[in-house]
Amino acid sequence: MPIEFTPFPPQLAAHYRARGYWIDQPLTRALDTQAAARPEAIAMIDGPHQLTYAEVARQAAAMADRLRQQGFGPGDRAVVQLPNCTEFVIVFHALLRAGIAPVNAIFSHRQLEMTSYIDQLRPALLIGDRGHELFADDRFLTAIDAQGIRPAQVILRGETLADWLTDTTEPAQPATPTAPDEVAFFQLSGGSTGTPKLIPRTHNDYDYSIRASAEICGLTPQTRFLCALPAAHNFTLSSPGILGVFHAGGCIVMAPSPEPAACFELIARYRIDLAALVPSAVQLWLTHAESHGAPAPLRQLLVGGASFAPTTAARVPPVLGAALQQVFGMAEGLVNYTRLGDDPDTTFTTQGRPISPDDEIRVLDPETGQPAPDGQPGALAVRGPYTFRGYYRSPAHNVQAFDADGFYHSGDLVVRRPDGYLRVVGRIKDQINRGGEKIAAEEVEALLLRHPAIRQAALIALPDATMGERSVAFIVSAEPLKPTALRRHLSGLGLASYKLPDHFRSLDALPLTPIGKTDKRRLRALLTEEDHNEGALT
Ligand code: OOB
């Protein structure tokens with residue numbers, strides 16, 4: 001049974017095919033093409049390990065064959081959680097080749113997030129890492145077993161995963177991917193509500209965004225890309241990312257994190273020319289470069305995921321010796337790039353323009369829903385050849401996120417220039433963007449309320465020079481509570497560490513709007529006042 005999802009309307013699908021965006025090929029197309037055309041070219045480097053395209057393809061085929069022998073195949077789902085490593089890329093291709101749709105969890109996700117993905121997706125397979133706290137012992141597996149949601153097959157890196165990837169001498173069985181206009185895999189939403197939402201992506205839509213991104217960023221077989229942000233993230237995977245590099249036939253060098261000293265060494269050792277970073281990491285690289293010199297031979301830096309101050313952006317070419325491309329994208333689809341060769345003002349002060357001439361952008365007055373004039377901020381709505389049409393099994397949420405014309409409302413406030421370039425100027429979704437990592441306010445608030453002494457809770461963003469934003473939790477509680485105890489409460493519920501509030505603030509009552517919702521504007525104003533009075537944030 002194909003995986004259910006909201007398909008693109010037939011008329012639009014026909015248009016996207018006619019324009020050559022959708023080419024009805026599986027997402028494994030790029031790897032298969034490179035393995036056939038340039039089998040001996042190095043595809044990936046991870047520490048001492050180097051893999052050619054032929055080896056990557058053989059290992060992916062070996063795993064796909066074995067999965068199918070064991071009865072897994074089209075219609076099945078998988079939850080995968082691997083760090084930045086070659087196995088992440090091979091497993092992704094193996095699953096696609098077998099027709100199994102994975103969701104790639106971010107490595108920092110913990111019990112709460114992982115349980116939610118497993119609960120929503122009911123996967124046949126769980127692929128994790130023994131080195132992750134969740135799989136260091138059997139407690140997590142026992143817990144999901146008790147809930148009746150333990151996947152049939154659990155494969156762990158550091159345990160049995162290597163066996164699954166062992167390539168055999170037998171010729172690989174033909175691939176059995178899902179149909180190109182069906183679900184290939186799921187992306188993860190940054191979200192603004194309680195549960196992290198799953199975003200079905202089809203082969204056709206995702207592959208188009210990859211091919212177009214690779215072209216916009218000028219990738220070639222000579223490209224050497226530093227994969228330093230979490231590999232599972234849409235930016236790292238496809239903008240143009242890992243899959244864009246495979247499309248071009250270049251080489252991916254894995255880094256465990258964007259930490260500058262290690263990354264600069266990798267750049268020098270492996271002659272890396274392209275990297276992708278969030279703004280908070282760019283800050284660290286700039287500081288490091290000022291005392292250690294530019295990371296030669298880096299030529300090009302993609303920066304996205306959170307707002308990037310124009311003054312910092314302007315320092316990238318002189319200090320890092322690399323051309324800058326800004327990227328404003330979302331796991332739901334739409335990706336914008338500044339183009340190589342854009343004038344400095346455009347490169348430093350905008351977040352680019354959409355990939356496709358058929359990305360339909362609306363900028364709407366948030367109050368009236370009517371189009372905002374160019375140059376005026378408005379809420380972003382988008383429809384196009386690679387923007388999804390509905391969250392997985394979330395009808396109530398989809399009614400909120402989509403309008404009658406099928407436009408997805410991203411919750412971003414943007415200003416559009418007459419030439420179509422966008423500037424992200426704010427946000428109407430209830431989310432904190434902490435160095436590119438997204439925190440849904442409602443998720444953390446609901447968990448705070450599970451503390452017996454907490455009566456009310458509200459999470460808001462605090463502007464921060466290094467992270468862009470940090471989170472502040474306002475709480476109303478029956479008894480005084482220490483930040484350490486509150487963090488322990490949240491951590492004990494299995495919440496990822498980056499979602500733990502950076503600061504806590506106690507109030508007698510939360511301010512309310514006239515209709516009785518928490519007045520977050522007033523809370524933000526309180527913080528600004530405190531800032532001036534040097535009030536105590538704990
Ligand atoms: C990327 O994807 P997500 O799904 O983690 O987050 C999307 C949200 C956007 O709606 C926007 O609020 C924010 O992240 N964002 C930016 C931005 N890029 C993303 N805000 C300001 N300036 C930017 N350049 O973050 C993502 C996906 C693909 C490529 C790049 C980023």
Side-chain angles (χ1 to χ4, degrees), residues 103-106 108-109 113 186-192 196-199 201 205-206 209-210 212-214 216-217 227 229-244 275-282 301-310 312-313 316 324-338 346-355 359 361 377 379-382 386-388 391 401 408-415 421-441 461 463 467-469 496 498-499:
V103 62
N104 297 310
I106 303 291
S108 56
H109 286 166
E113 292 87 8
F186 296 88
Q187 265 294 354
L188 286 175
S189 152
S192 54
K197 298 271 179 306
L198 302 174
I199 303 162
R201 301 292 306 252
D205 87 73
Y206 210 63
S209 77
I210 291 160
S213 293
I216 287 167
C217 300
C227 178
L229 296 175
H233 192 269
N234 202 47
F235 185 17
T236 330
L237 191 59
S238 69
S239 311
I242 292 170
L243 298 177
L277 292 179
V278 289
S280 52
V282 177
L301 184 66
L302 295 157
V303 180
S307 44
F308 196 28
T312 316
V316 167
L324 170 69
Q325 271 187 287
Q326 295 211 39
V327 193
F328 162 40
M330 52 201 72
E332 284 81 357
L334 178 71
V335 182
N336 304 271
Y337 294 96
T338 58
T346 301
T347 301
F348 301 143
T349 69
T350 82
Q351 280 62 58
R353 63 180 160 88
I355 285 179
D359 282 322
I361 304 285
L380 174 69
V382 56
Y386 59 95
T387 295
F388 85 138
Y391 292 102
Y408 165 64
H409 291 239
S410 80
D412 293 301
L413 280 176
V414 300
V415 174
Y421 278 76
L422 301 174
R423 259 190 320 119
V424 186
V425 295
R427 191 162 58 225
I428 43 180
K429 56 188 161 189
D430 202 2
Q431 187 184 73
I432 292 107
N433 189 333
R434 190 179 185 277
E437 293 187 303
K438 314 302 183 317
I439 304 166
M467 298 301 281
E469 293 175 6
Y498 69 86
K499 297 182 189 171

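As the structure lists them, so they are numbered: ligands from 1, and atoms in each ligand from 1.
Looking only at side-chain heavy atoms (C-beta outward), Gln351 and Asp412 stay at 4.5 Å or farther from each other.
Closer than 4.0 angstrom to ligand 1 sit non-hydrogen atoms from His233, Asn234, Phe235, Ser239, Gly304, Gly305, Ala306, Ser307, Val327, Phe328, Gly329, Met330, Ala331, Gln351, Asp412, Val424, Lys429, Asn433, Lys438.
Judged purely by atom type and a 3.5 angstrom limit, Gln326 has no side-chain atom pairing as donor or acceptor with the backbone of Gly352. With Thr349 contributing its side chain and Pro310 its backbone, the two residues share no donor-acceptor pair below 3.5 Å.
Here the OH-NE2 distance, from Tyr498 to His109, works out to 3.0 Å after rounding to the nearest 0.5 Å. Rounding to the nearest 0.5 Å places CG of Asn234 at 10.0 Å from CE of Met330.
The number of heavy-atom neighbours closer than 6.0 Å to CZ of Arg423, taken from other residues, nucleotides and ligands shown, is 12 or below.
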